[in-house]
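What follows is a short report on a single structure.
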Amino acid sequence: MTIYQAAGNVCTVSALNTKKHQTTNSVDSEVIYLPNTDCAIKSQASLSAFTSYRVGGAADLYVAPRNIEALQASLKYAKERNLKVTTLGAGSNLLVSDRGISGLVIATRHLRFSNFDPETGQLTVAAGESIPSLALAAAELGWQGLEWAVGIPGTAGGAVVMNAGAHNSCIADMLVSAQVLSPDGTLETLTPDQLGYSYRTSLLQGGDRIVTQATLQLAPGADPAKVVAITKEHKKHRLSTQPYNFPSCGSVFRNPKPYSAGWLIEQTGLKGYQIGGAQVALLHANFIVNRGGAKASDIFCLIRHIQHQVQERWSINLEPEVKMLGEFQGACG
């Protein structure tokens, strides 16, 4: 059963048209229209609205394709101009520099479809699909396996790349295959073994291949009411134990087993510690929240301060789970 299929014309890169648009700060922003399509490459596009932290500078160029053909055309555009490519999903696990990102930023948030196959129990989803929405949709059908994911604030593509997880479950446990797009425009289907999964990471992190879709193995046939109840309980627990009243990226640091990062930070006395508009959350110390008016540099410097203090107290190096994009050199003076 197909839940949703996004529409969109195919992007091509021939006969480019450009126009100037006046932005609110009186800076001309160029928009490159790809003819006979609804796909446009925008210059100097602010990225703060596309990250859950609500911070970050502008992308030199930004495009949000709606299908594979448009995505391939965007990569071709970048290749022909020797542009660095950065992929952006829901922006929920990112810290974008105040200085922005050079090259072409490709947002996959509009690559959307989901198909529940009752014969195989498999769910195939495009990279831009929301993980919480998928968890609820599966629960309402009586499909088990994604209850834990209802509180993961990201997309399917990002979940595959970082091996998102919660409640002792993760994407690697249920992934059948992932389709990825290489810079040369070729599509390849990879198995979990080929992705080299480990705790909150995969071989795709830091690479140049883009996840376009994923197939997950779920378990249909359960009582929908019971699965929905369990899913909602997971969501309730997450909302009661983690701060969602201010913008954040979710957990900032990976847990250095056998400890939890939040416990280490709290025991170091850093709950509530603030730099600029960025604060170590009072509800959960492994969250840094934007209390209002924070800059990316505030968050970055707070991350570095936490790392230094925990290293001094516990001789443990906290490894960031949040991915940092752009230039941060000299951000902390």
Side-chain angles (χ1 to χ4, degrees), residues 51-52 65 68 71-72 74-76 78-79 83-97 101-109 111 122-131 134 145-146 148-149 152-218 249-257 261 303 317-326 328:
T51 70
S52 59
I68 297 298
L71 180 57
Q72 290 171 318
S74 300
L75 285 175
K76 181 180 179 182
K79 184 177 181 180
L83 298 172
K84 181 186 75 171
V85 172
T86 301
T87 306
L88 187 69
S92 59
N93 195 44
L94 295 177
L95 179 61
V96 174
S97 166
I101 301 176
S102 61
L104 177 64
V105 172
I106 299 178
T108 60
R109 64 182 60 225
L111 297 176
Q122 293 182 353
L123 166 61
T124 299
V125 295
E129 284 290 342
S130 161
I131 289 294
L134 289 170
L146 274 179
W148 59 272
I152 302 293
T155 61
V160 169
V161 171
M162 70 167 289
N163 190 20
H167 304 289
N168 297 314
S169 296
C170 62
I171 285 293
D173 295 337
M174 59 195 62
L175 184 72
V176 176
S177 63
Q179 185 186 75
V180 299
L181 181 65
S182 296
D184 63 4
T186 59
L187 288 167
E188 184 180 8
T189 299
L190 302 177
T191 65
D193 286 343
Q194 292 173 301
L195 293 173
Y197 277 126
S198 59
Y199 175 67
R200 300 296 181 267
T201 190
S202 75
L203 294 178
L204 293 172
Q205 283 201 327
D208 53 11
R209 292 177 293 181
I210 300 173
V211 175
T212 58
Q213 69 178 44
T215 298
L216 308 176
Q217 184 65 57
L218 301 180
C249 74
S251 296
V252 176
F253 299 102
R254 291 183 170 91
N255 290 320
K257 295 181 179 180
I303 289 172
N317 178 40
L318 287 181
E319 183 181 357
E321 189 171 309
V322 58
K323 184 178 180 182
M324 302 176 197
L325 298 179
F328 286 94

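Keep in mind the model is a prediction, meaning the values are calculated, not measured.
Under the ring-ring contact (aromatic ring centres under 6.0 Å, His included) criterion, no residue pair touches residues 170-214, with sequence neighbours excluded. Sorted by first and then second residue, the pairs that involve residues 156-178 and meet side-chain hydrogen bond (donor to acceptor under 3.5 Å, both in side chains), not counting sequence neighbours, are His167-His234.
To the nearest 0.5 angstrom, Ile101 atom CD1 is 7.0 Å from Leu88 atom CG. The CG atom of Leu190 sits 9.5 Å away from the CG atom of Leu203 when rounded to the nearest 0.5 Å. Residue Leu71 holds its CG atom at 5.0 Å from CG of Leu181, rounded to the nearest 0.5 Å.
In this structure Ser130 satisfies the side chain to side chain donor-acceptor pair (under 3.5 Å) test together with Ser133, sequence neighbours excluded. Partners of Thr87 according to the side chain to side chain donor-acceptor pair (under 3.5 Å) rule, which considers only residues two or more places apart in sequence or in another chain, do not exist here. Residues that satisfy the side chain to side chain donor-acceptor pair (under 3.5 Å) test with Thr212, not counting sequence neighbours, are Gln179. Applying the side chain to side chain contact (heavy atoms under 4.5 Å, CB included) criterion to Arg200, with sequence neighbours excluded, gives Met162, Cys170, Arg254, Glu321. Evaluation of the side chain to side chain contact (heavy atoms under 4.5 Å, CB included) rule for Ala261 yields Phe253, Asn255, Pro256, Asn286, Leu318 as partners, not counting sequence neighbours. Under the rule for a side chain to side chain contact (heavy atoms under 4.5 Å, CB included), the partners of Asn317 that lie at least two apart in sequence or sit in another chain are Gln307, Gln311. Checked against ring pair (Phe, Tyr, Trp, His ring centres under 6.0 Å), Phe328 has the following partners two or more places apart in sequence or in another chain: Phe300. Residues passing the side chain to side chain donor-acceptor pair (under 3.5 Å) test with Thr124, sequence neighbours excluded: Thr215. In this view, Lys79 and Asp184 satisfy the side chain to side chain contact (heavy atoms under 4.5 Å, CB included) rule, not counting sequence neighbours.
At a threshold of 4.5 Å between non-hydrogen side-chain atoms, the residues Leu325 and Val105 do not count as touching.
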